[in-house]
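A short write-up of the structure that comes next.
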There are 2 protein chains.
Amino acid sequence: MKNPTAEVDLVWKALADSTRRSILDLLAERPLATGEVVARFEKALCRTAVMKHLEILVQAKLVIVRREGKMRWNYLNPVPIQQVCDRWVSQHVRQVASAVSRLKELTEDRVSQSTTERPSSASKSRRTKAISSDRLNTPGEKR
Amino acid sequence: MKNPTAEVDLVWKALADSTRRSILDLLAERPLATGEVVARFEKALCRTAVMKHLEILVQAKLVIVRREGKMRWNYLNPVPIQQVCDRWVSQHVRQVASAVSRLKELTEDRVSQSTTERPSSASKSRRTKAISSDRLNTPGEKR
DNA sequence: TTTTCATGTCACTAGATGGTGACATGTGGG
DNA sequence: CCCACATGTCACCATCTAGTGACATGAAAA
């Protein structure tokens, strides 16, 4: 377990591609030999492309590989997905209610366009808060 | 709501980048004007880079934008994340138990290396199943 | 042993992506 | 009105990514 942030990044990046998501769907049903996975995508992709995708999934620890003779078996590892989703959702759960109510506020504001004064004053108080916050240091990562 | 698959893809792709995830973290706390988001990443990125990221989040409907005068306010929309994660996790939930037990089997097999005969016969039965399956038509998407 | 089967590896490529600077436009305050 | 502020847009670029064909290697069957 090297760097949790880097590992999480690998998972998100792996899941960004629809082919890889499809591969995981297949493996969720049952483990497959690499050739079987390849056969499933035969019409869409060449063998090496599929293998590359599998390699990315392995690097992200979403897939576990086991050799048996000349067969390479791929097993789904559902734990990272679950962890990443859980962590992501739970981190936002405490903010969900307020976020949803804000959206509601916005949609209501959108319906009654005449009440432009109200959100304008609200936006000013928000701005003041934002500036005085000590979270002005960027959480961004330099690439 | 054009094409659900394409929309889901936008979400996954949006979440693949760590900067964009950081932006969503910020917006989960409180809505921010674009300039405020930019300021948070000042040390890491130029303004237009941040705006590009925001645009991707908007396209994925993870962020909702509202103009007020010269201010552009960004609101987190937690719904797509939740939906995507829920759908993804629940789709695999029925497979999680079997997948976990398979992994367990593998790790146990790994510990007792002498029992190579057992998994070898098991792999053959799996192979037979895979071939007779009518899921041989690829679920992959041609790019 | 040879041949077939399953997979590995590598080089290459077209397109996508994340980043930048420069110029442009619109809003709001003095 | 002018100027400052906030954001928009565009062209460019280095790097990454998803895909391919070709050659290589190892296991298993004939």
Side-chain angles (χ1 to χ4, degrees), chain A residues 9-10 12-23 32-60 63 65-74 116-117 120-121 123-124 126-127 130-131 138 140-143, chain B residues 6 9-10 12-23 31-60 63 65-74 116 119-121 123-124 126-127 130-131 138 140-143:
Chain A
D9 203 51
L10 288 179
W12 282 114
K13 279 184 157 45
L15 293 172
D17 182 75
S18 64
T19 299
R20 287 198 286 277
R21 293 202 294 279
S22 297
I23 291 172
L32 295 172
T34 299
E36 287 168 327
V37 181
V38 167
R40 297 293 177 85
F41 292 93
E42 193 159 64
K43 285 175 185 167
L45 300 175
C46 77
R47 176 177 67 83
T48 51
V50 177
M51 290 185 71
K52 272 194 170 177
H53 283 306
L54 278 168
E55 182 55 30
I56 288 163
L57 292 171
V58 169
Q59 292 303 310
V63 168
V65 170
R66 287 296 178 270
R67 287 213 73 103
E68 285 172 18
K70 61 186 181 182
M71 308 302 289
R72 165 187 149 134
W73 289 97
N74 305 278
T116 49
E117 180 114 57
S120 179
S121 60
S123 71
K124 283 195 175 170
R126 284 195 202 105
R127 188 178 175 183
I131 291 174
T138 170
E141 296 153 17
K142 178 72 179 182
R143 299 198 156 230
Chain B
D9 203 54
L10 287 179
W12 281 115
K13 276 185 156 50
L15 293 172
D17 182 75
S18 63
T19 298
R20 288 197 286 276
R21 293 200 297 277
S22 297
I23 290 172
L32 296 172
T34 300
E36 287 169 328
V37 180
V38 168
R40 298 294 178 87
F41 292 94
E42 191 159 66
K43 285 175 186 168
L45 299 176
C46 79
R47 176 178 66 83
T48 50
V50 177
M51 290 185 73
K52 271 194 173 178
H53 283 306
L54 277 168
E55 182 56 30
I56 289 163
L57 293 172
V58 169
Q59 292 303 311
V63 167
V65 170
R66 287 295 177 272
R67 287 215 71 105
E68 286 172 20
K70 61 186 180 184
M71 307 302 288
R72 167 188 147 133
W73 290 96
N74 305 279
T116 50
S120 179
S121 61
S123 71
K124 284 196 177 173
R126 284 196 203 107
R127 187 178 176 183
I131 292 173
T138 169
E141 297 154 16
K142 177 74 179 182
R143 290 176 169 257

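Numbered from 1 within each chain, the chains take letters A, B, ... in sequence-line order. Atom set for the values below is all heavy atoms of this structure, side chains included, hydrogens, waters and symmetry mates excluded.
Taking the side chain as every heavy atom from C-beta outward, B:Leu45 and B:His53 approach each other to under 4.5 Å.
Between B:Glu55 atom CD and D:dG8 atom P the separation is 9 Å, expressed in whole Å. Atom CD in B:Gln59 sits roughly 16 Å away from atom P in C:dA16 (whole-Å rounding). In this structure, A:Asn74 atom CG and C:dA6 atom C1' are separated by 12 Å, rounded to whole Å. For B:Leu54 and D:dA6, the CG to P distance is 16 Å, given to the nearest whole Å. D:dA18 atom C1' lies 8 Å from atom CD1 of A:Ile56, rounded to whole Å. For the pair B:Trp12 CH2 and C:dA16 P, the computed distance is 23 Å after rounding to whole Å. Taking atom CG on B:Leu57 and atom C1' on C:dG18, their separation rounds to 13 Å, with Å as the unit. In this structure, A:Met51 places its CE atom 6 Å from C1' of C:dG8, rounding to the nearest Å.
Without hydrogens or angle criteria, B:Asn74 side chain to B:Val65 main chain gives no donor-acceptor distance under 3.5 Å.
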How far apart are the C-alpha atoms of A:Asp17 and A:Arg21, what are their side-chain angles, what is the distance that settles it, and do they pass the salt bridge (charged side-chain N to carboxylate O under 4.0 Å, His left out) test?
-> CA-CA 6 Å; A:Asp17 182 75; A:Arg21 293 202 294 279; over 6 Å; no
Verdict with reasoning, B:Thr34 to B:Met71, per side-chain contact (heavy atoms from CB on, under 4.5 Å) = CA-CA 8 Å; B:Thr34 300; B:Met71 307 302 288; over 6 Å; no
side-chain contact (heavy atoms from CB on, under 4.5 Å) between A:Met51 and A:Glu55, intermediate numbers included | CA-CA 6 Å; A:Met51 290 185 71; A:Glu55 182 55 30; over 6 Å; no
Kindly indicate, with the supporting measurements, whether the criterion side-chain contact (heavy atoms from CB on, under 4.5 Å) is fulfilled by A:Phe41 and A:Ser22.
-> CA-CA 10 Å; A:Phe41 292 93; A:Ser22 297; 3.8 Å; yes
Steps toward side-chain contact (heavy atoms from CB on, under 4.5 Å) verdict (B:Trp73, B:Arg67) = CA-CA 6 Å; B:Trp73 290 96; B:Arg67 287 215 71 105; over 6 Å; no
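Which of C:dT7, C:dG19, D:dG19 sits closest to the side chain of B:His53 comes down to C:dG19.
If you take CD1 on A:Ile23 and CG on A:Leu54, they are separated by 4.5 Å, rounding to the nearest 0.5 Å.
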Measure all distances between protein nitrogen or oxygen atoms and nitrogen or oxygen atoms of nucleotides 21-28 of chain C, and list the pairs falling under 3.5 Å.
residue	atom	partner	partner atom	Å
C:dG21	O6	B:Thr48	OG1	3.3
C:dT27	O3'	B:Lys70	N	3.2

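Toward the 5′ end of DNA chain D lies the nearest nucleotide of B:Val65, the other residue of the pair A:Ala49 and B:Val65 mapping further downstream.
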Protein heavy-atom contacts under 4.0 Å, written 5' to 3' over nucleotides 11-17 of chain D as B (base), S (sugar-phosphate only) or - (none), form the string B-----S
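For B:Ile56, the side-chain contact (heavy atoms from CB on, under 4.5 Å) partners are B:Ala14, B:Arg20, not counting sequence neighbours.
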